[in-house]
Protein chains: 2
Amino acid sequence: MAESAFTIKQTAKLTGISEDTIRYYEKIMLLPRAERKDNGHRVYRKDDIYTLKLISCLKKTGISLEAMRPFLAVSADSHPAENPDLVDQLRDQREAIVNQISSLRQLVDFIDKKLEEGRGGGGCSEPSPGDAKPISVVEMSYFPASAG
Amino acid sequence: MAESAFTIKQTAKLTGISEDTIRYYEKIMLLPRAERKDNGHRVYRKDDIYTLKLISCLKKTGISLEAMRPFLAVSADSHPAENPDLVDQLRDQREAIVNQISSLRQLVDFIDKKLEEGRGGGGCSEPSPGDAKPISVVEMSYFPASAG
DNA sequence: ATTTGACTTGGAGTCGGCTCCAAGATGTAT
DNA sequence: ATACATCTTGGAGCCGACTCCAAGTCAAAT
């Protein structure tokens, strides 16, 4: 019968996202309106837990709630390839994330240099629009490139 | 004499950070109080430009202004190793960033999978407290690990 | 002398993302 | 019956990071 239903409290505990925040996500329609019991209480299922965990995962990457929508849409939709808009949004996100990764890598190098020695600078340039190649940040200049 | 001095307007243009934002950074003391001319106008030098570019770089990684302080301190301080607090903060940041990178990598995999096929899930687990090993995300389960 | 422009200050407003609260409905335990 | 817990709703408040504005200063151009 009841295929694993959870209260909002349990859901919060399972996902590490507070009850208030879960309700907030529903309010801003990041999540679909949750199923209700006769008394109006929200009911969550496995899939909802999964979605919330996905959100929590996306949050770790630092993206905004708005930017998450395509991911959640594509996660719900089992045939994403049929939706060109979605595919475009995902491609854009992918690119943004790859860039972010390379900024972060350079930052790690910057820290390592600072920790190992006591001098030297690191910078962060516009990642070349190629792809995620192993960048040798050690060779980077203080002033990467001036913004036009 | 004047070793390359810039107005706030020029600085904003050079760094891609708005004048208001630069003043704001000074107000919250993310930046040291800028030198002033006789008329009270701010003057910026090469080093200040560099610092602002570093901030802009740090912002790309998604860290908060508060979290930037150690970086800016270590960047200004030429002998960071002598300040243990700073070193600790940097280590913590390094760890956080490495974790963020692995979350982001998994996300890229998630997108790739969604784009290539039309199904499957990706998740994002707690990165094992070892280090940045090449994680084969392809093998990840839908429900990585429940939060205690 | 006055206008124009680049700047100063302090403070108010905005937006995203929560977080907290009060009032009310329902469910179970005593 | 009454107390307590668990939920509901709507709305207010908070924090970070800006962003905008009004009033004023100063310097050069007309």
Side-chain angles (χ1 to χ4, degrees), chain A residues 2 5-45 48-49 51-72 93 96 100 147, chain B residues 2 5-45 48-49 51-72 93 96 100 147:
Chain A
F6 304 95
T7 67
I8 195 169
K9 188 170 211 170
Q10 292 169 323
T11 305
K13 200 155 198 178
L14 277 167
T15 61
I17 298 173
S18 81
E19 300 177 43
D20 265 331
T21 302
I22 294 171
R23 287 191 205 99
Y24 170 71
Y25 288 164
E26 185 177 315
K27 184 150 64 183
I28 65 169
M29 291 187 297
L30 188 66
L31 295 174
R33 179 175 166 84
E35 208 182 321
R36 308 289 155 123
K37 288 198 278 198
D38 288 1
N39 59 10
H41 290 194
R42 288 170 178 81
V43 183
Y44 296 93
R45 301 286 163 79
D48 302 309
I49 306 286
T51 303
L52 280 163
K53 289 201 178 192
L54 178 55
I55 290 175
S56 157
C57 163
L58 290 164
K59 277 188 56 182
K60 280 188 202 164
T61 72
I63 81 175
S64 73
L65 299 184
E66 282 315 304
M68 282 180 198
R69 293 187 193 275
F71 290 95
L72 300 177
Q93 277 297 334
Q100 203 189 341
Chain B
F6 305 94
T7 66
I8 195 169
K9 189 171 210 168
Q10 291 169 323
T11 305
K13 201 156 197 177
L14 277 168
T15 61
I17 298 174
S18 82
E19 300 178 42
D20 266 331
T21 302
I22 294 172
R23 288 192 205 96
Y24 170 70
Y25 288 165
E26 185 177 315
K27 184 149 63 183
I28 65 169
M29 291 187 297
L30 187 66
L31 295 174
R33 178 174 166 85
E35 207 182 322
R36 308 290 155 122
K37 287 198 279 197
D38 287 0
N39 60 10
H41 290 195
R42 289 170 178 82
V43 184
Y44 296 93
R45 300 287 163 79
D48 302 311
I49 307 286
T51 303
L52 281 163
K53 288 203 178 189
L54 178 56
I55 289 175
S56 157
C57 163
L58 289 165
K59 279 187 55 182
K60 279 188 204 163
T61 71
I63 82 175
S64 74
L65 298 185
E66 282 315 305
M68 281 179 198
R69 294 188 192 273
F71 290 94
L72 300 177
Q93 279 297 334
Q100 203 188 342

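In what follows, every heavy atom counts, from backbone to side chain, and hydrogens, waters and symmetry copies are set aside. The sequence lines fix the lettering, A, B, ..., with proteins before strands; numbering per chain opens at 1.
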Identify the residue among Ile22(B), Val43(B), Asp48(B), Ile17(B) that makes a side chain to side chain contact (heavy atoms under 4.5 Å, CB included) with Thr11(B).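 The single option meeting the side chain to side chain contact (heavy atoms under 4.5 Å, CB included) with Thr11(B) is Ile22(B).
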
Looking at dC18(C), I'd like to know if its phosphate oxygens (OP1 or OP2) sit under 4.0 Å from a side-chain N or O belonging to Ser18(A). no

Is any side-chain nitrogen or oxygen of Tyr25(A) closer than 4.0 Å to OP1 or OP2 of dC18(C)? yes

Determine whether Tyr24(B) and Leu65(B) satisfy the following criterion, side-chain contact (heavy atoms from CB on, under 4.5 Å), listing intermediate values before the conclusion. CA-CA 11 Å; Tyr24(B) 170 70; Leu65(B) 298 185; 4.0 Å; yes

What's the [atom1]-[atom2] distance between [X] and [N], to the nearest Å?
X: Lys37(B); N: dA28(D); atom1: NZ; atom2: C1'; value: 13 Å
X: Ile55(A); N: dG17(C); atom1: CD1; atom2: C1'; value: 13 Å
X: Met29(A); N: dG17(C); atom1: CE; atom2: C1'; value: 16 Å
X: Ile17(B); N: dT19(D); atom1: CD1; atom2: P; value: 11 Å
X: Ile22(A); N: dC18(C); atom1: CD1; atom2: P; value: 12 Å
X: Tyr24(B); N: dC15(C); atom1: OH; atom2: P; value: 17 Å
X: Ile63(A); N: dG17(C); atom1: CD1; atom2: P; value: 10 Å
X: Leu30(A); N: dG16(C); atom1: CG; atom2: C1'; value: 13 Å

For [X], all residues meeting side chain to side chain contact (heavy atoms under 4.5 Å, CB included), sequence neighbours excluded:
X: Asp38(A); value: none
X: Lys27(A); value: none
X: Glu19(B); value: Ile8(B), Lys9(B), Ala12(B), Arg23(B)
X: Ala67(A); value: Ile63(A), Ser64(A), Gln93(A)

Ser18(A): what forms a side chain to side chain donor-acceptor pair (under 3.5 Å) with it, not counting sequence neighbours?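 With sequence neighbours excluded, Ser18(A) shows a side chain to side chain donor-acceptor pair (under 3.5 Å) to Thr21(A), given in chain and number order.
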
Taking salt bridge (charged side-chain N to carboxylate O under 4.0 Å, His left out) as the definition, give me every residue that meets it alongside Glu26(A), ordered by chain and number, with sequence neighbours left out. Arg36(A), Arg42(A)

When the axes are fitted on five pairs at both termini, how much does the helix from dA1(C)-dT30(D) to dT30(C)-dA1(D) curve, in 10° steps? 30°

Go nucleotide by nucleotide along DNA chain D from the 5' end; which of Asp38(B) and Lys59(B) gets its closest nucleotide reached first?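 Mapping each residue to its closest nucleotide by heavy atoms, the 5'-most match is Lys59(B).
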
Nucleic acid footprint by protein, nucleotides 4-11 of chain C - heavy-atom cut-off 4.0 Å, B for base, S for sugar-phosphate alone: --BSBB-B

Measuring only between side-chain heavy atoms, which start at C-beta, is Leu31(A) closer than 4.5 Å to Leu52(A)?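 A side-chain contact under 4.5 Å exists here.
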
